[in-house]
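Read the structure below first, then the notes.
Chain letters run A, B, ... following the sequence lines, proteins first and then strands; every chain starts at 1. We use all heavy atoms of the structure for the numbers below, so side chains are in, but hydrogens, waters and symmetry mates are not.
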Amino acid sequence: MAGISRPRGTEDLLPEPLARLKRVLAAGLQVAAAHGYRQIETPIFESTDLFVRGVGEATDVVTREMYTFPDRGGRSLTLRPEGTAPVVRAFWESPLRQEPLPVRVSYAGPMFRYDRPGKGRYRQFHQFGVEVLGESEPEVDAEVIGLAWRWLERLGISGTSLQLNSLGDRECRPTYRAALLEFFEPQMAALPELDRERLRRNPLRVLDSKELADDGLLDRAPRTIDYLCSECRAAFDRVQEALSALGIPFAVNHRLVRGLDYYARTAFEVWHQELAGAQNALFGGGRYDGLSELLGYPPLPGVGFAAGLERVAMISAPAPEPGRPEVAVLSAPPADSKAAVALADRLRRAGLSVLLDAGARGLRGKLSFAERSGVRLALILGESELRARTVTIRRMAGRTQESLPLEGVEGRIRELLSSAELAEEGAS
RNA sequence: GUGGCUAUAGCUCAGUUGGUUAGAGUGCCAGGUUGUGGCCCUGGAGGUCGAGGGUUCAAGUCCCUCUAGCCACCCCA
């Protein structure tokens, strides 16, 4: 077809998928609220610098996945690729900074990454996430993970696994990094180009390597948890203990590193077995105690996660579309349709969801349309009704109908709608 | 960003070794029933065969480029 098609990697959210996405998000917001998290929203675009400094100059997100553009004032702006750096920025720029710590917030909205699209991967996608700012006790790490877990439970999603690791902090990570480099140094020449590149730019990333894992090389490579300083070690233990107290199963994954630079200590992802191998991460998160300083603010510890709503929605049950009309008002040609227009308006103002079909097509077509629209009652206004100042109410399910005076018909409609509900419940 | 597979009606798909006006099912619209819906019957609309170029007497079919989707990398949500 000729015409303009949507940009690559974007999607139109039609009623059913949209309803699913909204229900997934609503459940997340509810669980977050139950944990004392308040929802905020940050702008969809930010200063490019926020992400360059926050996410890290060498990361894939910054080097090749950002939608960056100059505005008319010459500022460099970027469509947000993630939500954590903006939340930290918003904290410092708002009265939130005066509130007692820790501050717990949730957020949701579209994110943008110029990635190659695939199933479950979009250039514009939606995230729901939470952040705890100003608390370094490891129990909140477990709280955040627990919140995510309860969310999935509420949605009835199973087949997930929690992957957990500790990346160390500013004190012990350099030691580990050196040990990793030392381990690979002797065989540098024999390594695939991609892995040499990783070792050069971001050594921890080699732990992601597929080839090296297949070679068994990674099994012998140094593990982060063997190099943790005593504080990080103790914190990691406490996270695990708290997760056990919550009854949440997890797997310690020594190769989990995560792509953004700001993570320290706790890192985690939740995977789902049914999603495509490459896109199996439902959400990911961790602790980012150094992020605030990277952005030029005072030190502020933090921990959080972000979930991909599309991916969660993909594996959740279909959701009923909200706001489907329950009543249709039909004019019956050749009768004048003004009365039908007026009746529909009256019912809507009385709080009913009303579909109006006042066109020229015959009653047969209109009833057919009403049927397929899923309404439970059809109100027919034809010549005989207009003469008698009545309306015919037809119950779609039973194919029975009655004639009532036009005035005060709302009460009978409500009565029928609620009794129809009872009938449906009784039947099922 | 790399490699591979794919692209025909709104949707799911046929379309022979290149050979006349490109089909089916479903959906949509209308009629059968001029005021009564789910089934049935009849008819209709809807395609520049993803886009552009090339080979050929002739291209939906073969070749090239582009675009888009999917898969595997990469990486993440």
Measuring from atom CZ of A:Arg258 to atom OG1 of A:Thr266, what distance do you get when rounded to the nearest 0.5 angstrom?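 Between A:Arg258 CZ and A:Thr266 OG1, I get 12.0 Å after rounding to 0.5 Å.
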
Give me the distance, rounded to whole Å, that separates B:C66 from B:G25 when you measure between the C1' atoms they each carry.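 Between the two C1' atoms, the distance is 33 Å.
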
When the P atoms of B:A59 and B:U16 are compared, how many Å lie between them, rounded to an integer? 16 Å

Pick from A:Tyr176, A:Phe183, A:Phe236: which one makes a ring pair (Phe, Tyr, Trp, His ring centres under 6.0 Å) with A:Tyr227?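 Among the candidates, only A:Tyr176 passes.
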
Scan [X] against the nucleic acid and name what it touches under 4.0 Å (heavy atoms): base, sugar-phosphate only, or nothing.
{"X": "A:Tyr122", "value": "base"}
{"X": "A:Arg116", "value": "base"}
{"X": "A:Ala370", "value": "nothing"}
{"X": "A:Arg394", "value": "base"}
{"X": "A:Gly83", "value": "nothing"}
{"X": "A:Arg64", "value": "base"}

Look at the side-chain N and O atoms of [X] and state whether any lies under 4.0 Å from the OP1 or OP2 oxygen of [N].
{"X": "A:Arg258", "N": "B:A77", "result": "yes"}
{"X": "A:Arg372", "N": "B:G38", "result": "no"}
{"X": "A:Arg198", "N": "B:C75", "result": "yes"}

I need the [atom1]-[atom2] distance between [X] and [N], as an integer number of Å.
{"X": "A:Arg376", "N": "B:G38", "atom1": "CZ", "atom2": "C1'", "result": "18 Å"}
{"X": "A:Met396", "N": "B:G38", "atom1": "CE", "atom2": "C1'", "result": "9 Å"}
{"X": "A:Glu193", "N": "B:G1", "atom1": "CD", "atom2": "P", "result": "19 Å"}
{"X": "A:Lys119", "N": "B:A72", "atom1": "NZ", "atom2": "P", "result": "11 Å"}
{"X": "A:Leu377", "N": "B:G37", "atom1": "CG", "atom2": "P", "result": "17 Å"}

Filtered N/O pairs between nucleotides 31-35 of chain B and protein, under 3.5 Å:
| residue | atom | partner | partner atom | Å |
| --- | --- | --- | --- | --- |
| B:G32 | N7 | A:Arg364 | NH2 | 3.4 |
| B:G32 | O6 | A:Arg364 | NH2 | 2.3 |
| B:U33 | O2 | A:Arg364 | NH1 | 2.8 |
| B:U33 | N3 | A:Arg364 | NH1 | 3.1 |
| B:G35 | OP2 | A:Pro333 | O | 2.7 |
| B:G35 | O6 | A:Glu383 | N | 2.7 |
| B:G35 | O6 | A:Ser384 | N | 2.7 |
| B:G35 | O6 | A:Ser384 | OG | 2.9 |
| B:G35 | O6 | A:Glu385 | OE1 | 3.1 |
| B:G35 | N1 | A:Ser384 | OG | 3.4 |
| B:G35 | N1 | A:Glu385 | OE1 | 2.7 |
| B:G35 | N1 | A:Glu385 | OE2 | 3.2 |
| B:G35 | N2 | A:Glu385 | OE2 | 2.8 |

Could you provide the dot-bracket string of RNA chain B, using ( ) for intrastrand pairs, [ ] for crossing pairs and | for bases paired to another strand, with Watson-Crick or G-U pairs below 3.5 Å? (((((((..((((.....[...)))).(((((.......))))).....(((((..]....))))))))))))....

